[in-house]
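Notes for the one structure printed next.
Proteins get letters first, then strands, A, B, ... in listed order; numbering begins at 1 in each.
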Amino acid sequence: MSGERYNPRESEPKWQKVWDEQKSFVTANDDPREPYYVLEMFPYPSGRIHMGHVRNYSMGDVVARYHRARGKNVLHPMGWDAFGLPAENAAIERKTHPGTWTYQNIEAMKAQLKSMGLSIDWTREIATCSPDYYKHQQAMFIDMLAAGLITRKSSKVNWDPVDMTVLANEQVIDGKGWRSGAVVEQRELTQWFFKISDYAEDLLEALDGLTGWPEKVRTMQRNWIGKSEGLRLLFELVASDKTAATSVEVFTTRPDTIFGASFIGLSPDHPLTTELAANNPALAAFVAECHRHGTATETLEKAEKQGFDTGLRVKHPVIEGETLPVYVANFILMDYGTGAIFGCPAHDQRDLDLARKYGLSVIPVVLPPGADPASFAVGDEAYVDAGNIFNSTFLDGLSIDEAKSKIAQYFGARSVDGKPQGRIETNYRLRDWGISRQRYWGCPIPVIHCEVCGTIPVPKKDLPVVLPEDVNFDKPGNALDHHPTWKHVHCPHCGAAARRETDTMDTFVDSSWYFARFTAPQADTPTIPDVANRWLPVDQYIGGIEHAILHLLYSRFFTRAMKATGHVGLDEPFKGMFTQGMVTHETYKGQQGEWVPPTDVIIDSGGEARTARHIQTGVPIAIGSVEKMSKSKKNVVDPDQIVATYGADTARWFMLSDSPPERDVQWTEAGVEGASRFQQRVWRLVNDSVEISKQPTGTVAPDDADAKALRKIVHRAVAGVATDIEGLGFNRAVARIYELTNALAKARDSQPGPALAFALAEGVERLVQLINPMMPHLAESCWEVLGKQGLVADAGWPEVDPALLVDDEVTLPIQVNGKRRGEITVPKGMAAAEVETQVLALDVVQKALDGKTPKKVVVVQDRIVNIVV
RNA sequence: GCGGGCGUGGUGGAAUUGGUAGACACAAGGGACUUAAAAUCCCUCGGCGCUAGCCUUGCGGGUUCGAUUCCCGCCGCCCGCACCA
């Protein structure tokens, strides 16, 4: 028996079948045990799983299986984020229906996930592209529309003038359409929006309560919401024949720098800009130029700062008789504040860039601590830090905050156009969530446009509004809009000929409530509130850091919107959140600089340098940098091949070992080999220990020192692995399991007597339980060899004897001037004075002191001794 | 451009969150077993000295009896930026 190698190819499908037949991971909603909901972000059905999925789902499965062993009723479901652009692109390229492509992909990926042996309740599987799912989304849309959570307004899109279609930001490359190559334009379109900005304050405040989230994710969300206190400030326009307007309202968070103002900046989309451009061809051309790039904020902010002098001037609000020019500037967003600013170049980098370009004055008004007011000047870098105000008459000497309140009071007391010149306002960067997409493969927005009755929701009895099957993608644009009959309907109110909304929803909507649907996936309402409220919030959610802002923020909003419409009874969907790192791999390049996939490369690692050659041609291959696995660099490893070669357990174990889960992990062939070897070591250890325990043992001697030492190691490992898994420190848990395995193997090889044999048997049994969450197939096989009844999947988490966790002695390092000079072993909890006496008596210490008297002796109980000389 | 993060031996990383830096693993080298290979087992393994010493957690400062951990400044890499999912 012990000579046989463990064969995952045989064992893994076997146990998967057993779990399936015994419905081991099917979860009942009426189970009385404490519920625990673990969820990994559901995948987009691209066709094949990648190593990122393997990592993500391995982690989630450890958590699920661990809590299951702890006696909880665990919900661990899986589904498909099945709407989206790639299916439409595939439809165009392969002349297939997006649905056909998507469902084929789902089948393929499901088979792959199943081969991983995940403890998933597949009876709860959902696909967002199924009418069974999206009809509920439509119903909630109607509820939310009625509740005033949805609005329609104009916003900008990327328009491809050749393909006559709206482009996603990722389809805009260097300002051009990815397919047509045409220069993209910004276009205004009336679109549907969720009013997430109404919840800005709530979403911000509630972050403090999300203690199970990484601090960095909360920080990112806080910054994204971007709450700021500022001043709305009216600038009087100097009368001009160009406009009838008498004032411009700006929003500023730095009213303290008003004496440093040197221009007014308007957004290219500001109404005043539009008015002026109507009679100013040069300005109109400038505005058009501003629109000749995509709508991505990144492009805008990276673009060179440009401005256009409108010729208008405003009166300086605090310097009598002075006026400031009014510019239109490309970096000013219409969506934020009032779409107009006052520029203070000395203390804002973008303003400074513009001022330098157009020769506007730069007047410093905040003096850095210690700087000389007479000589302080701003060069190419704006001064944005703290200091005291100067060059500002009645604000001189104040701190920035003091100056802000004083100037706010000052402007509050004055008036322009019969209104207060300034008023304090809280502003948020967070914009409403635009969900309209001019695409076929998404959830239809259930609305009908009637000439007579206006925009009215589809009656719930008529749901779902189903996507038509007979579509073709030959024509550019929205295939739903092109469909000959689909959009022509009768108004549900008046019966007149009307038109269906042909926009579909952003796929972020689909993923904003799937976690709730999983709690009752077959219900004929979106949720069963009682059931959802018992399961939610998700105890542990796991996914990529790339979703730290949008997906999580939208889900938090949508949960609130579902609460407002009676579908759930809570605000926050995710109690625990974890963001895992990426999977990386070395890159390889051939002679012509072409990327070579790892499967075509042989690494020669004997001696000093690692070199590589092509598997068939033998041509030398250059080993490149380690990068995120991507198709474009061909540095991908196919999970299917790994599972076929080494088995799922090896892949899972490797994904969990070594790298901390939040950091990137580098996939290496050597690492996988190591994981595979460990699998065999465990198998051998278990089989050997069964042989040993067959020998006559007699009575157990509980005071056997070796046995007690081993039991201590075993019980510490059990306690430690539990702590590690609960803190998602999978790599630490793995290291601990290695240590335990080493200790057990040593005991095995020592020809153990009865007491040690007992400890060994106990240790091996617990080892199998410890590896179960990570290598569940191997664990079942070992459990069987141990002669245990039932499945290890159904066995509980091993008990820990607390007496074995405590030590009565501690070894303290002894430092002299911070350098380690020796150590001393003393009873735990020994008083500092006693420790000091003993330590000072030691030879090593006397020698290190070299006759000098200690200035101070620091004794930290049970930790360290430091003698300062 | 703005916001967030990360950086420890040849490599992945550990360090009870201010208390013995390098646990555990991989790679490499040496040895055992074997006719041989694979598998397995044992030893060495941060650097310089190679003795009892010194240096070392991206770089440069600071706080502290003591810093991988806290603070300031740099460098490098990664993620997000609202229509990729």
Side-chain angles (χ1 to χ4, degrees), chain A residues 5 41 43-44 46 81 83-86 157-158 166-172 214-217 219-224 226 294-303 305 331 335 349-350 353 429-439 506-508 511 544-551 553-554 579 581-582 584 605-608 610 625 627-628 657-660 662-666 668 670-671 673-675 677-678 680-681 684 723 729 731-732 734-739 742 749 811-820 822-823 847 855-858 860 863-869:
Chain A
R5 288 175 64 77
M41 289 179 182
Y44 179 80
S46 58
D81 191 11
F83 272 137
L85 266 184
V157 295
N158 301 312
V166 176
L167 299 178
N169 280 337
E170 80 158 4
Q171 297 175 319
V172 180
E215 193 51 54
K216 64 174 169 180
V217 174
T219 308
M220 280 193 254
Q221 293 220 346
R222 243 176 236 125
N223 292 337
W224 186 259
T295 57
T297 319
E298 187 189 354
T299 335
L300 183 66
E301 292 193 346
K302 273 187 185 161
K305 308 290 171 283
F331 59 89
D335 299 317
Q349 193 58 46
R350 293 174 306 181
D353 293 345
R429 205 183 71 101
L430 181 66
R431 307 201 293 259
D432 279 337
W433 173 15
I435 59 151
S436 282
R437 298 291 181 270
Q438 291 69 42
R439 306 191 208 291
D506 178 8
T507 57
F508 271 126
S511 55
I545 183 72
E546 66 274 20
H547 294 293
I549 297 177
L550 290 180
H551 163 60
L553 195 61
Y554 289 153
T579 54
M582 298 178 302
T584 63
S605 55
E608 288 283 291
R610 289 172 79 243
S625 57
E627 308 214 28
K628 175 183 179 171
S657 51
D658 290 353
S659 289
E662 70 278 8
R663 233 188 269 180
D664 290 355
V665 63
Q666 188 188 341
T668 62
E673 296 277 357
R677 273 200 298 274
F678 177 69
Q680 298 297 343
R681 276 179 69 200
R684 227 177 310 122
T723 312
N731 58 320
R732 292 196 298 267
V734 165
R736 237 184 258 277
I737 290 173
Y738 272 120
E739 278 173 340
N742 290 343
D749 298 337
T811 300
L812 307 179
I814 301 166
Q815 297 182 335
V816 177
N817 283 339
K819 291 200 193 296
R820 188 179 174 280
E823 58 182 39
K847 200 175 158 198
K855 226 185 263 174
K856 187 174 164 189
V857 180
V858 181
V860 182
R863 276 280 161 77
I864 202 166
V865 181
N866 193 9
I867 302 163
V868 189
V869 186

Next on the checklist: On RNA chain B, does the nearest nucleotide to A:Ala670 precede the nearest nucleotide to A:Val858 from the 5' side, or the other way round? Give the residue.
Outcome noted: A:Ala670

Can you name the atoms? Protein N/O to nucleotides 20-23 of chain B N/O, anything below 3.5 Å, with the distance.
from: B:U20; atom 1: O2; to: A:Arg820; atom 2: NE; distance (Å): 2.6
from: B:U20; atom 1: O2; to: A:Arg820; atom 2: NH2; distance (Å): 3.1
from: B:A23; atom 1: O2'; to: A:Glu739; atom 2: OE2; distance (Å): 2.7

Item to check | Short side-chain to backbone donor-acceptor contact, A:Thr584 and A:Val665, under 3.5 Å | outcome: yes

Item to check | Rounded C1' spacing from B:G58 to B:C6 in Å | outcome: 11 Å

Item to check | Distance between C1' atoms of B:A38 and B:A32 (Å, rounded) | outcome: 16 Å

Checklist entry - Is A:Pro660 touching bases, backbone alone, or none of the nucleic acid, heavy atoms closer than 4.0 Å? => result sugar-phosphate

Give every pair of a protein N or O atom and an N or O atom of nucleotides 50-53 of chain B that lie under 3.5 Å apart, one pair per line with the distance.
none

Next on the checklist: If I take atom CD1 in residue A:Ile814 and atom P in nucleotide B:G19, what distance separates them, rounded to the nearest angstrom?
Outcome noted: 18 Å

Checklist entry - With sugar-phosphate meaning primed atoms plus P, OP1 and OP2, does A:Asn742 contact a base, only sugar-phosphate, or nothing at under 4.0 Å between heavy atoms? => result sugar-phosphate

Item to check | Whole-angstrom distance between B:C70 and B:A15, as gauged at atom P | outcome: 14 Å

Checklist entry - Whole Å only: how far is the CG atom of A:Asn817 from the P atom of B:C65? => result 12 Å

Do any N or O atoms of the protein come closer than 3.5 Å to N or O atoms of nucleotides 8-10 of chain B, and which pairs are they?
none

Which pairs of donor and acceptor atoms, one on a side chain in residues 811-819 of chain A, lie under 3.5 Å apart (sequence neighbours left out)?
from: A:Thr811; atom 1: OG1; to: A:Thr825; atom 2: OG1; distance (Å): 3.1
from: A:Asn817; atom 1: OD1; to: A:Val869; atom 2: N; distance (Å): 3.0

Checklist outcome for this item: Residue set satisfying salt bridge (charged side-chain N to carboxylate O under 4.0 Å, His left out) with A:Arg222, at least two apart, ordered chain then number -> A:Asp208, A:Glu215

Checklist outcome for this item: A:Trp224 meets the side-chain hydrogen bond (donor to acceptor under 3.5 Å, both in side chains) criterion, sequence neighbours left out, with none

Item to check | With sequence neighbours excluded, residues passing ring pair (Phe, Tyr, Trp, His ring centres under 6.0 Å) with A:Tyr738 | outcome: A:Trp653, A:Phe678

Item to check | Inter-nucleotide C1' distance (B:U63, B:G10), Å rounded | outcome: 35 Å

Next on the checklist: Heavy atoms only, 4.0 Å cut-off, all strands: where does A:Asn866 land among base, sugar-phosphate and nothing?
Outcome noted: base

Checklist outcome for this item: When pairs are called at under 3.5 Å and a stem needs at least three consecutive Watson-Crick or G-U pairs, the stems of RNA chain B are B:1-7 with B:75-81, B:10-12 with B:24-26, B:28-32 with B:40-44, B:46-48 with B:53-55, B:58-62 with B:70-74

Item to check | Whole-Å gap separating P (B:A85) and CZ (A:Phe83) | outcome: 12 Å

Next on the checklist: Tell me whether the rings of A:Tyr554 and A:Phe508 are parallel (<30°), tilted (30 to 60°) or perpendicular (>60°).
Outcome noted: perpendicular

Checklist entry - A:Glu662 CD to B:G4 P: how many Å, rounded? => result 19 Å

Next on the checklist: Quick one, A:Glu546 with A:Met582, criterion side chain to side chain contact (heavy atoms under 4.5 Å, CB included). Give me CA distance, side-chain angles, the key distance, then yes/no.
Outcome noted: CA-CA 10 Å; A:Glu546 66 274 20; A:Met582 298 178 302; 5.7 Å; no

Checklist entry - Can you find a donor-acceptor pair, distance only, under 3.5 Å between A:Asn223 side chain and B:G3 base? => result no

Checklist entry - By salt bridge (charged side-chain N to carboxylate O under 4.0 Å, His left out), which residues pair with A:Arg736, not counting sequence neighbours? => result A:Asp724

Checklist outcome for this item: Whole-Å distance, A:Asp749 CG to B:C42 P, equals 7 Å

Checklist entry - Taking atom P of B:A25 as reference, at what distance in whole Å does atom CZ of A:Arg736 sit? => result 14 Å

Checklist outcome for this item: Readout for nucleotides 71-84 of chain B: B = base within 4.0 Å of protein heavy atom, S = sugar-phosphate only, - = neither; 5' to 3' it is -------SSSBBBB

Item to check | Sugar-phosphate only, base, or nothing, as touched by A:Ala548 at under 4.0 Å among non-hydrogen atoms | outcome: nothing

Item to check | ring pair (Phe, Tyr, Trp, His ring centres under 6.0 Å) against A:Tyr44, all qualifying residues, sequence neighbours excluded | outcome: none

Checklist entry - Can you tell me if A:Asn866 uses its side chain to pair, donor with acceptor, with the backbone of A:Val858 under 3.5 Å? => result no

Item to check | With A:Gln349 via side-chain hydrogen bond (donor to acceptor under 3.5 Å, both in side chains) - residues at least two apart | outcome: A:Asp353

Checklist entry - Expressed in angstrom and rounded to an integer, what is the separation of A:Ile867 atom CD1 from B:G66 atom P? => result 14 Å

Item to check | Integer angstrom distance from the P of B:A21 to that of B:A27 | outcome: 29 Å

Item to check | For atom OH of A:Tyr738 and atom P of B:A25, their distance in whole Å | outcome: 7 Å

Item to check | Heavy-atom closest contact (A:Met220 atom, A:Ala548 atom, distance) | outcome: CE-CB, 4.0 Å

Next on the checklist: Rounding to an integer number of angstrom, what distance separates B:G5 and B:C72 when you compare their P atoms?
Outcome noted: 12 Å

